[in-house]
Amino acid sequence: MKKALIASTLVLAGAMTGCSSLNTSAPSLPLTGAVQSDVKADIEVGEKITGKASVTQLFGLLTLGDSKKYADGVAYGVGSTGGALPLPIGGASLVEKVKSSAAYNAVTESGADVIVAPRYTVEQNGYGFFGTINVTVEGYKGTIKSIK
């Protein structure tokens, strides 16, 4: 009887434990980095903007709260962030999709064309059967004035 009680206590304790991770990105290049292109864009940098997105995943399969709108060009590579829930869904990790959704929200809510110097904060929490990913992107509103 004691062994069954100890075993069930251990199983219950294991089910109630979880893990958590927090990742904040920083620009990998200084803002004075040189980029060469034949295209010249005049971008007006405005106020600070923020976008948020979150998702909950059940049993590693069912995704809740996943937006259907994403900004292109946000993914830095599949699985580049690591963490508790790097499951590939639709060719990109779930974290990358949530980052892309947060960027879309920041751009559409502010009326920006681009996010200048984006910084992503990714918070992942795993609790055995389910996990959450919360992403916040901060940057500056970029409005394209002309392209030559």
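Here, residue 1 is the first one in the sequence, and each next residue gets the next number.
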So OH of Y140 and CD of E44: to nearest 0.5 Å the spacing works out to 15.0 Å
query: Should T132 and V55 be marked as a side chain to side chain contact (heavy atoms under 4.5 Å, CB included) after you check the CA-CA gap, both sets of side-chain angles, and the distance that decides it?
result: CA-CA 6 Å; T132 60; V55 70; over 6 Å; no
Separation between CD (Q57) and CZ (F130), nearest 0.5 Å, reads 12.0 Å
| message | Is it the case that the side chain of N105 and the backbone of K52 share a donor-acceptor pair, with hydrogens and angles ignored and the cut-off at 3.5 Å? | response | yes
Note: I115 and G139 closest approach over all heavy atoms is CG2-CA, 3.8 Å
Handout entry: Test: K99 cationic atom under 6.0 Å from Y120 six-membered ring centre, within 45° of axis
Key = yes
- Where do V39 and I147 land on the side chain to side chain contact (heavy atoms under 4.5 Å, CB included) test, with the steps shown first? CA-CA 7 Å; V39 177; I147 298 177; 3.5 Å; yes
Taken to the nearest 0.5 Å, the spacing of K145 NZ from I43 CD1 works out to 11.5 Å
Of all heavy-atom pairs linking V116 and G142, the shortest is CG2-CA, 3.9 Å
Here the gap from K141 atom NZ to D113 atom CG, rounded to the nearest 0.5 Å, amounts to 8.5 Å
dist E138:CD -> T121:OG1 (nearest 0.5 Å) comes out at 6.0 Å
To the nearest 0.5 Å, atom OG1 of T136 lies from atom CD of E123 at 8.5 Å
Heavy atoms of N134 and S54 approach each other most closely as OD1-CB, 2.8 Å
Checklist line | Step-by-step side chain to side chain contact (heavy atoms under 4.5 Å, CB included) determination, D42 to I144 | finding: CA-CA 6 Å; D42 181 18; I144 300 174; over 6 Å; no
Q.
Donor-acceptor pair, distance only, cut-off 3.5 Å: does the side chain of S110 make one with the backbone of A106?
A. yes
Donor-acceptor pair, distance only, cut-off 3.5 Å: does the side chain of T108 make one with the backbone of Y104? yes
In short, A112 meets I49 closest at the heavy-atom pair CB-CD1, 4.3 Å
